[in-house]
Every structure is written in structure tokens, then in C-alpha cells.
Protein chains: 2
Amino acid sequence: MKEDIQKTIPLPTIRRMPNYLRVTADFLEEGKEWISTTDFSEILGLKPIQVRKDLAFTGLAGKPRLGFEVSLLIKAINDVLGWNNRTDAILVGAGALGSAILGFKGFAEHGLNIVAAFDANPALVGSTIHGKTVFSLDKLDNLVERMGITMGVITVPEAVGQETADRMIKAGIRGIWNFSPVTLRVPDDIIVQREDLSSGLAVLSVKLSENRI
Amino acid sequence: MKEDIQKTIPLPTIRRMPNYLRVTADFLEEGKEWISTTDFSEILGLKPIQVRKDLAFTGLAGKPRLGFEVSLLIKAINDVLGWNNRTDAILVGAGALGSAILGFKGFAEHGLNIVAAFDANPALVGSTIHGKTVFSLDKLDNLVERMGITMGVITVPEAVGQETADRMIKAGIRGIWNFSPVTLRVPDDIIVQREDLSSGLAVLSVKLSENRI
DNA sequence: TAGATTGTTAATCGATTAACAATC
DNA sequence: TAGATTGTTAATCGATTAACAATC
């Protein structure tokens with residue numbers, strides 16, 4: 001373990017990476033060759049020192065006076081995030097939120113390739129949402145296994161969140177992007193990322209009520 | 001300022017509050033009268049000490065051996081979050097994500113009342129999504145002002161995120177729930193809460209690639 | 001009473017921020 | 001060269017965790 005000193009990236013840094021990526025991609029589109037900490041800090045409203053600390057984790061060296069080379073930085077950030085490799089995924093729960101996620105074009109740029117959707121509702125089975133076919137739930141295991149899929153997106157109602165996760169894991173899914181408001185109980189080697197809209201609303205509500213007084 | 005010692009609630013604590021609320025509401029439904037730190041820690045996968053620290057911010061006193069009184073705790077958490085008061089809101093961008101948000105019934109329980117939706121697309125104007133009418137954008141200012149609405153939800157594409165925020169603020173909106181992947185530039189007294197799906201995907205991607213090796 | 005659980009005070013950990021020398 | 005910007009080392013800040021006395 002001694003040589004494993006290349007400290008692991010802090011979670012907040014990981015969360016900010018997509019923002020750096022987006023800004024840098026905008027610079028590329030505008031034909032700019034260099035981007036500096038100052039640029040990022042102005043556009044993203046962050047302290048320059050924080051940007052420098054974050055970008056250090058890409059392993060890239062900047063040039064004093066110029067900053068970072070746009071094309072190299074894009075590559076480096078994508079490498080850090082693993083977004084240069086395609087990850088196949090399935091989605092379970094083709095309701096309103098599921099449909100919205102199936103429709104995001106941005107995910108494809110981040111290497112996320114949702115190959116199919118599943119839903120318990122027979123009325124949805126067989127339909128196509130944003131180009132993805134909706135399958136019956138009992139087709140899940142076979143498809144996941146056959147295609148070696150490792151990531152699953154859960155957009156089902158709270159009541160069936162856990163059983164959906166169980167089913168995914170049994171089929172071979174290793175990482176779960178959970179949009180249902182449940183804390184999933186999973187084995188240690190399964191990664192769960194929960195998106196919690198209520199948390200965001202809570203923060204907004206508290207800040208708004210603090211501010212109003 | 002000296003007497004303002006009642007320390008402000010840490011952001012991570014605020015984010016966890018809705019989880020405590022949900023679990024407690026489940027207990028109420030099951031007819032249980034008491035809920036303890038141990039209960040929370042098992043269901044939510046948190047350390048007991050963290051739960052105790054968090055619940056302290058409700059100002060409620062627990063009873064040794066029993067824990068907290070379910071009905072009182074629900075009330076207390078809702079008070080902390082300001083969810084006992086109704087907040088009227090509008091939503092701009094009635095696309096896939098906007099529709100999904102209009103459809104969530106959970107928000108109403110959190111005091112969030114989306115009264116109307118707006119969209120630039122004439123094809124959507126006049127339609128009804130989950131019971132909310134979609135108006136043309138030029139109706140926004142008048143409606144917000146007339147109804148004294150303070151919260152706005154932004155579910156428009158990245159390119160028009162900033163101008164949507166500008167328009168909301170000019171009309172009188174004080175708090176913005178921003179689902180578009182832009183860092184909004186707003187005056188100091190405006191609260192912005194950004195939901196960033198890319199950040200979540202980034203965390204999941206990194207963890208998954210670390211794990212796979 | 002015995003013991004589970006609370007609440008408080010102190011210790012630890014990790015992220016942010018500051019300071020400053022190095023460099024193109 | 002002068003000065004903007006990088007990268008590194010140290011200081012600060014805030015949240016989590018630990019320890020333990022208080023209590024029903």
C-alpha cells in the first residue's frame with residue numbers, strides 16, 4: 001500500500017470536474033487554445049486556488065502566464081472520470097423521469113450508453129422512448145448477462161426501488177444510479193450513487209426562509 | 001451578532017433531513033410512536049452519532065431508552081425545512097424533465113406548489129401537464145408579480161438557462177431551483193440551488209472504475 | 001435496578017483557503 | 001524584464017467521529 005500515495009480524488013473535486021469539462025469544451029468550440037484558472041473561477045464562481053487544486057488531480061501541468069492547453073485538458077478530465085470509455089447501462093422504470101433521462105443527449109458524451117429500458121407496466125412494454133425499446137422486466141436478467149452490462153439506472157417509485165436493485169445486482173450490475181428516494185441495501189462491492197431531489201429542495205427551502213427574514 | 005450563537009445548520013445535515021422525515025413518516029404509518037437513533041442508523045446506513053447530531057438541530061429532546069416521539073419529530077423536521085408553509089412556484093421549460101417534475105406528487109407534501117408552467121415552444125402553450133397549464137413565456141412577468149411567487153424551477157436547455165433566470169429575477173423570483181447545467185450569475189440576494197446530474201454521474205463513474213480494477 | 005439511548009464536550013479527519021516561491 | 005499564473009507547503013475551517021456522563 002505504501003506506493004499508493006497518489007491520493008484519491010476528493011469527492012467534491014469529482015463533482016466539480018464535469019463543470020470544468022463543460023467550460024473547457026466551450027473554449028474549444030470558440031477556438032481558444034488555452035484556459036486558465038482565472039477563466040474557470042470567473043465563469044464558475046469558484047476561488048482560483050480551488051480550481052488549481054482540483055485541476056492538479058488531472059495530472060496535467062499548466063503553463064504560467066497561459067494556463068492549460070484546452071485540448072489536453074478535455075482529454076485529461078475525461079480520463080479522470082472514465083468518460084473516454086463507453087459504459088453500457090440499462091434503465092428500469094420508464095415513467096416520466098425515466099423518459100427524461102432516456103432523452104438526455106449529454107450522457108452519451110459522457111460515455112453512458114443506455115441500451116434498453118424496462119418497465120413493469122404492460123402498456124409500456126414494446127414501445128420506444130427516445131429510440132430505446134422498453135422491455136418487460138423478466139427480460140432483464142438475460143439481457144444484462146448476455147451483454148455484460150455493469151451499470152443500472154433506477155427510476156421506479158419508492159416502493160419498488162429495493163427489489164429493482166436486488167434484481168439488477170443478481171443479474172450482474174455493479175453500479176447503480178438511483179433516482180428513487182430509498183436508501184438501497186446492497187453488498188459492499190456494489191456502487192450506488194443516489195440522486196436525491198428532496199435534498200436539493202431542502203437546501204433551497206432552508207436558504208430561502210433564512211434569507212426572507 | 002453576539003446573541004446569534006444558535007449555530008446555523010450544516011448543509012450536509014439539511015440534505016439528510018428529508019431522509020429522516022421519510023423514515024419517520026413510515027414509522028407513523030406503521031403506527032409506531034417512538035423512533036430512535038438506532039432505527040435511523042440501520043435504515044439509512046448512517047452512524048448513530050451522526051443521526052443524533054443531526055436531530056439535535058430540530059431542537060427536539062429525545063427520551064433515553066425510547067428515542068424521539070414520531071409525531072413531534074415529523075413536525076419539527078418540517079419546521080426546520082420550512083415545509084410546513086406552502087411555497088408557490090413556477091416552472092420554466094415544459095420538456096421531458098420539466099414534465100417529470102410537474103408530475104412528482106412528493107413535492108406537494110414538501111410545501112412546494114407549482115402553480116404554472118411556461119415554455120417557449122408554441123406547440124406546448126395552452127396544453128396541460130399533470131394538471132398544470134403551460135403558458136407562453138411573455139405571461140411570466142405578470143403572473144409572478146400578480147401572485148407574488150418567490151420560487152422558480154428552471155428546466156430549460158443549457159443555452160437559455162441564464163436568460164430564463166434573468167427573466168425570473170426581474171419578475172420577482174427570489175429562489176431558483178436550477179436543473180440546467182449552467183452556473184447562473186445572479187445578484188447576491190437571490191438563492192440558487194443547482195441540481196447537477198453530471199456531477200452524480202461523475203462520482204458513479206469514478207467509483208465504478210476504481211472498483212473494477 | 002440494569003441497560004439502552006440521549007446529549008455534550010473533545011479529538012480527528014478532510015476539504016478549503018492562504019501564502020509564497022517558481023516559471024514562462 | 002515584469003508580471004500573470006502555476007504548483008506546493010502550511011494554516012484554517014467545518015464536519016464527522018469518539019468518548020462518556022446523564023437519564024429514563
Side-chain angles (χ1 to χ4, degrees), chain A residues 4-17 19-20 23-24 27 32-70 72-73 76-77 80 183 199 202-203 206-207 210, chain B residues 1 4-17 19-20 23-24 27 32-70 72-73 76-77 80 199 202-203 206-207 210:
Chain A
D4 196 353
I5 294 299
Q6 30 170 351
K7 346 167 201 47
T8 142
I9 310 185
L11 220 90
T13 297
I14 298 175
R15 301 195 77 97
R16 285 188 290 267
M17 283 293 178
N19 297 332
Y20 299 133
V23 171
T24 314
F27 267 53
K32 293 172 184 163
E33 201 174 338
W34 297 92
I35 187 164
S36 76
T37 287
T38 320
D39 295 325
F40 284 116
S41 74
E42 279 166 7
I43 296 170
L44 296 173
L46 301 171
K47 303 241 161 92
I49 172 65
Q50 183 167 58
V51 177
R52 260 181 290 155
K53 263 281 157 65
D54 283 344
L55 294 185
F57 284 97
T58 63
L60 217 60
K63 272 210 178 43
R65 289 278 285 163
L66 291 169
F68 295 81
E69 217 179 318
V70 165
L72 291 181
L73 186 54
I77 296 177
V80 166
T183 304
S199 288
V203 173
V206 171
K207 284 191 187 160
E210 277 170 356
Chain B
M1 289 291 171
D4 196 354
I5 293 298
Q6 30 169 352
K7 347 171 200 45
T8 143
I9 308 186
L11 221 88
T13 298
I14 298 176
R15 302 195 77 97
R16 286 187 290 268
M17 283 293 177
N19 297 333
Y20 300 132
V23 171
T24 314
F27 267 53
K32 293 170 183 164
E33 201 175 338
W34 297 92
I35 188 164
S36 76
T37 288
T38 321
D39 295 326
F40 284 117
S41 74
E42 278 166 7
I43 295 169
L44 296 172
L46 301 171
K47 303 242 161 89
I49 171 66
Q50 185 167 58
V51 177
R52 259 181 291 155
K53 263 280 158 65
D54 283 344
L55 294 186
F57 284 96
T58 63
L60 217 60
K63 270 208 179 44
R65 288 280 283 162
L66 290 169
F68 295 81
E69 217 179 316
V70 165
L72 291 182
L73 186 54
I77 295 176
V80 165
S199 289
V203 174
V206 170
K207 284 190 185 161
E210 277 169 357

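Because the structure is predicted, anything quoted here is derived from the model rather than measured. Letters A, B, ... are given to chains in the order of the sequence lines, protein chains preceding strands, and every chain is numbered from 1.
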From [atom1] of [X] over to [atom2] of [N], roughly how many Å is that when rounded to an integer?
{"X": "B:Trp34", "N": "C:dT6", "atom1": "CH2", "atom2": "C1'", "answer": "12 Å"}
{"X": "A:Ile49", "N": "C:dT16", "atom1": "CD1", "atom2": "C1'", "answer": "9 Å"}
{"X": "A:Leu46", "N": "C:dA18", "atom1": "CG", "atom2": "P", "answer": "14 Å"}
{"X": "B:Ile35", "N": "C:dA4", "atom1": "CD1", "atom2": "C1'", "answer": "16 Å"}
{"X": "B:Ile14", "N": "D:dG14", "atom1": "CD1", "atom2": "C1'", "answer": "14 Å"}
{"X": "A:Phe40", "N": "D:dT5", "atom1": "CZ", "atom2": "C1'", "answer": "14 Å"}
{"X": "B:Gln50", "N": "C:dG7", "atom1": "CD", "atom2": "P", "answer": "16 Å"}
{"X": "A:Leu11", "N": "C:dA15", "atom1": "CG", "atom2": "C1'", "answer": "11 Å"}

Report summary line: Of the listed D:dT17, C:dT6, D:dA15, the closest approach to the B:Phe68 side chain comes from C:dT6
Report summary line: Out of C:dT8, D:dT5, C:dA15, minimum distance to the side chain of A:Ser36 belongs to D:dT5
Could you tell me the separation between the [atom1] atom of [X] and the [atom2] atom of [Y], rounded to the nearest 0.5 Å?
{"X": "A:Thr37", "Y": "A:Gln50", "atom1": "OG1", "atom2": "CD", "result": "11.0 Å"}
{"X": "B:Ile9", "Y": "B:Thr58", "atom1": "CD1", "atom2": "OG1", "result": "9.0 Å"}
{"X": "B:Glu42", "Y": "B:Ser36", "atom1": "CD", "atom2": "OG", "result": "7.5 Å"}
{"X": "A:Thr24", "Y": "A:Phe68", "atom1": "OG1", "atom2": "CZ", "result": "10.0 Å"}
{"X": "A:Leu66", "Y": "A:Glu33", "atom1": "CG", "atom2": "CD", "result": "9.0 Å"}

Within the 4.5 Å heavy-atom criterion, are [X] and [Y] side-chain neighbours or not?
{"X": "B:Leu55", "Y": "B:Leu60", "result": "no"}
{"X": "A:Val203", "Y": "B:Leu11", "result": "yes"}
{"X": "B:Tyr20", "Y": "B:Leu73", "result": "no"}

Requested in this report: Using heavy atoms to find the nearest nucleotide of DNA chain C for A:Pro64 and A:Arg16 separately, return the residue whose nucleotide is more 5′.
Outcome: A:Arg16
**Report entry** Closest-nucleotide ordering on DNA chain C, the 5'-leading residue of B:Arg65 and A:Leu66
**Finding:** B:Arg65
Query raised in the report: Taking only N and O in the side chain of B:Thr37, is any of them less than 4.0 Å away from OP1 or OP2 of C:dT5?
Result: no
**Report entry** Nucleotide pairing, DNA chain D (Watson-Crick or G-U, distances under 3.5 Å), in dot-bracket with [ ] and |
**Finding:** ..||||||||||||||||||||||
Query raised in the report: Among B:Arg15, B:Arg16, B:Lys47, which residue meets the salt bridge (charged side-chain N to carboxylate O under 4.0 Å, His left out) test with B:Asp54?
Result: B:Arg16
Query raised in the report: Where along residues 52-63 of chain A does a heavy atom fall under 4.0 Å from DNA chain D?
Result: A:Arg52, A:Lys53, A:Leu60, A:Ala61, A:Gly62, A:Lys63
